[in-house]
**Student:** 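Mind looking over this structure? Questions follow.
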2 protein chains.
Amino acid sequence: MAEGQAPAPYSNENLLFLTDEQLRQGIEAMFFAYRGFTADPDRILADLAYGRAHHRAVHFINRAPGTTVNNLLNLLGVTKQSLNRVLRTLIEDGLVESRVGRNDKRERHLFLTGQGKALEQKLSDAQRARMRAAFRDAGPEAVAGFRRVLEAMMDREMRFAYARLKDNAP
Amino acid sequence: MAEGQAPAPYSNENLLFLTDEQLRQGIEAMFFAYRGFTADPDRILADLAYGRAHHRAVHFINRAPGTTVNNLLNLLGVTKQSLNRVLRTLIEDGLVESRVGRNDKRERHLFLTGQGKALEQKLSDAQRARMRAAFRDAGPEAVAGFRRVLEAMMDREMRFAYARLKDNAP
DNA sequence: AGCATATGTCAGTGTTGTTGACATTCCAAG
DNA sequence: CTTGGAATGTCAACAACACTGACATATGCT
């Protein structure tokens with residue numbers, strides 16, 4: 001493997017030298033951490049009749065109230081048919097409200113109802129608690145590094161979407 | 001919300017103060033980054049008749065050759081029925097070999113065949129390439145922070161499993 | 001001998017994703 | 001004002017991957 005070769009000593013590249021082993025550890029860290037990341041909301045959702053897809057939809061509708069279906073589609077990276085199934089149950093159950101667009105009446109703008117906000121709170125409280133504990137354990141500089149690496153790992157369009165959400169923050 | 005309150009000025013807590021907004025950004029970063037993290041192997045797997053579950057199995061068998069089914073079960077966090085379906089196809093297709101244990105004949109020890117190693121290489125090359133690019137962009141200190149936060153986010157048992165894999169590294 | 005462990009298997013179910021096809025509504029350009 | 005395309009919704013079929021529950025087999029340990 002090309003990446004298995006050691007760099008010349010004293011080269012600047014040494015600072016950036018990444019062995020396959022280091023990269024593998026990064027990969028495994030992502031895998032195990034993501035399991036932890038989703039574990040708490042998953043436990044809550046198991047009791048209700050909802051799954052992870054509902055959680056994601058509710059999260060982003062809360063984050064960007066009034067978002068269109070198409071926008072949500074891009075954020076979530078699924079097909080409209082897949083999202084529609086989830087949205088339909090959320091609307092039927094009174095967690096999400098879908099309002100026809102004023103300017104463009106083809107578009108539907110999505111909002112959480114009181115009930116929807118309550119579920120979002122419950123789920124994100126659990127997820128934030130773990131994130132807070134991890135951030136606290138690791139310290140502020142580690143958190144900054146964590147964010148830098150994750151941003152660099154995203155696809156281009158998702159990096160933009162992520163930045164846009166940050167700016168639109170309430 | 002309790003966590004929405006600002007800490008007293010000049011308190012040590014300031015260094016660790018984490019707003020809901022910061023935590024939400026961390027959550028979204030995890031979500032978008034994980035999408036990127038799995039995107040490249042997923043594209044490769046789509047052409048073959050395999051899925052993400054096969055990738056995970058092949059990864060850990062490569063990582064810990066001779067591992068037992070039970071050990072793999074714990075690493076992956078799935079039921080034996082679910083893992084068995086994946087392992088069966090991998091064994092039938094000649095990517096994985098299952099050897100009866102010498103000491104304990106109830107156990108099966110799992111190994112990648114040449115073919116299995118080839119697939120593992122192909123998949124992990126793609127995944128490592130992205131990880132390498134992200135690590136390079138973010139820099140060494142960021143990588144250290146990234147790892148610290150992810151470790152802190154794992155469940156206890158997974159943190160141990162992760163450490164054990166690091167130590168057993170070839 | 002009897003219980004526990006490790007594994008494999010069968011059957012049924014649920015969530016989430018996919019494709020493909022088709023209808024509706026509406027904006028905008030010619 | 002007609003037509004083309006965009007945004008959305010819906011139906012049907014299907015696949016991957018997870019789950020539970022039940023049962024079988026072989027083995028190890030006491």
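So that the names make sense, note that chain A is the first sequence line, chain B the second, and so on, each numbered from 1.
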**Student:** Contact class for A/His55 vs. all strands (heavy atom < 4.0 Å): base, sugar-phosphate, or nothing?
**Tutor:** nothing

**Student:** When rounded to the nearest 0.5 angstrom, what is the spacing between NE2 in B/His54 and CG in B/Leu45?
**Tutor:** 9.0 Å

**Student:** For a quick check of understanding: with a heavy-atom distance under 4.0 Å over all strands, which category does B/His109 fall into, base, sugar-phosphate or nothing?
**Tutor:** nothing

**Student:** Measure distances between side-chain N and O atoms of B/Lys80 and base N and O atoms of C/dT7, and say whether any donor-acceptor pair falls under 3.5 Å.
**Tutor:**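 Yes.
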
**Student:** For the side chain of B/Ser82, starting at C-beta, report the closest nucleotide among D/dC17, D/dG9, D/dA7.
**Tutor:** D/dC17

**Student:** So, is A/Thr79 close to the C/dT18 phosphate, meaning a side-chain N or O under 4.0 Å from OP1 or OP2?
**Tutor:**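 For A/Thr79, the contact criterion (side-chain N or O under 4.0 Å from OP1 or OP2 of C/dT18) is met.
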
**Student:** Look at the side chain of A/Thr113 and the backbone N and O of A/Gly94, then say whether any donor-acceptor pair between them is shorter than 3.5 Å.
**Tutor:** yes

**Student:** Using only modelled atom types and a 3.5 angstrom limit, is any donor from either the side chain of B/Arg85 or the base of D/dA18 paired with an acceptor on the other?
**Tutor:**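 Such a pair exists between side chain and base.
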
**Student:** Would you say the side chain of A/Gln81 and the base of C/dG20 hold a donor-acceptor pair, judged only by whether the two atoms sit under 3.5 Å apart?
**Tutor:**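 When only heavy-atom distances are counted, A/Gln81 does reach the base of C/dG20 through a donor-acceptor pair under 3.5 Å.
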
**Student:** By nearest heavy atom, map A/Arg102 and B/Leu73 onto DNA chain C; which one lands nearer the 5' end?
**Tutor:**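 The answer here is B/Leu73.
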
**Student:** How many whole angstroms separate atom CG of A/Leu90 from atom C1' of C/dT16?
**Tutor:** 14 Å

**Student:** Below 4.0 angstrom, N of the basic side chain to O of the carboxylate: do A/Arg63 and B/Glu21 qualify?
**Tutor:** yes

**Student:** Between atom CZ in B/Arg43 and atom P in C/dT18, what is the gap in whole Å?
**Tutor:**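 Spelled out: CZ on B/Arg43 to P on C/dT18 is 14 Å.
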
**Student:** For the pair B/Arg130 (side chain) and B/Asp40 (backbone), establish whether a donor and an acceptor sit closer than 3.5 Å, ignoring hydrogens and angles.
**Tutor:** no

**Student:** For A/Ala53 and for B/Ile91, locate the closest nucleotide of DNA chain C by heavy-atom distance; then report the residue assigned to the nucleotide nearer the 5' terminus.
**Tutor:**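 Checking each residue's closest nucleotide, the 5'-ward one belongs to B/Ile91.
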
**Student:** Taking any heavy-atom pair under 4.0 Å as a contact, classify B/Asn103: base, sugar-phosphate, or nothing.
**Tutor:**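 If one applies the 4.0 Å heavy-atom cut-off, B/Asn103 turns out to touch the sugar-phosphate alone, with no base involved.
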
**Student:** Do A/Arg88 and D/dG9 have a side chain to base donor-acceptor pair shorter than 3.5 Å?
**Tutor:**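 A donor-acceptor contact between them is absent.
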
**Student:** Can a side chain N or O of A/Asn70 be found less than 4.0 Å away from OP1 or OP2 on D/dT8?
**Tutor:** yes

**Student:** Does the side chain of A/Arg108 get closer than 4.0 angstrom to OP1 or OP2 of D/dG9 through an N or O atom?
**Tutor:** yes

**Student:** Is there, by distance only and without an angle test, a donor paired with an acceptor across the side chain of B/Arg106 and the base of C/dT5 below 3.5 Å?
**Tutor:**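 In this structure, the two groups form a donor-acceptor pair.
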
**Student:** Hydrophobic cluster membership, with links at side-chain heavy-atom distances under 4.5 Å among I/L/V/M/F/W/Y: are A/Leu150 and A/Phe160 in one?
**Tutor:**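 In one cluster: no.
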
**Student:** If you find the nucleotide of DNA chain D closest to B/Lys105 and the one closest to B/His54, which residue's nucleotide is nearer the 5' end?
**Tutor:** B/His54

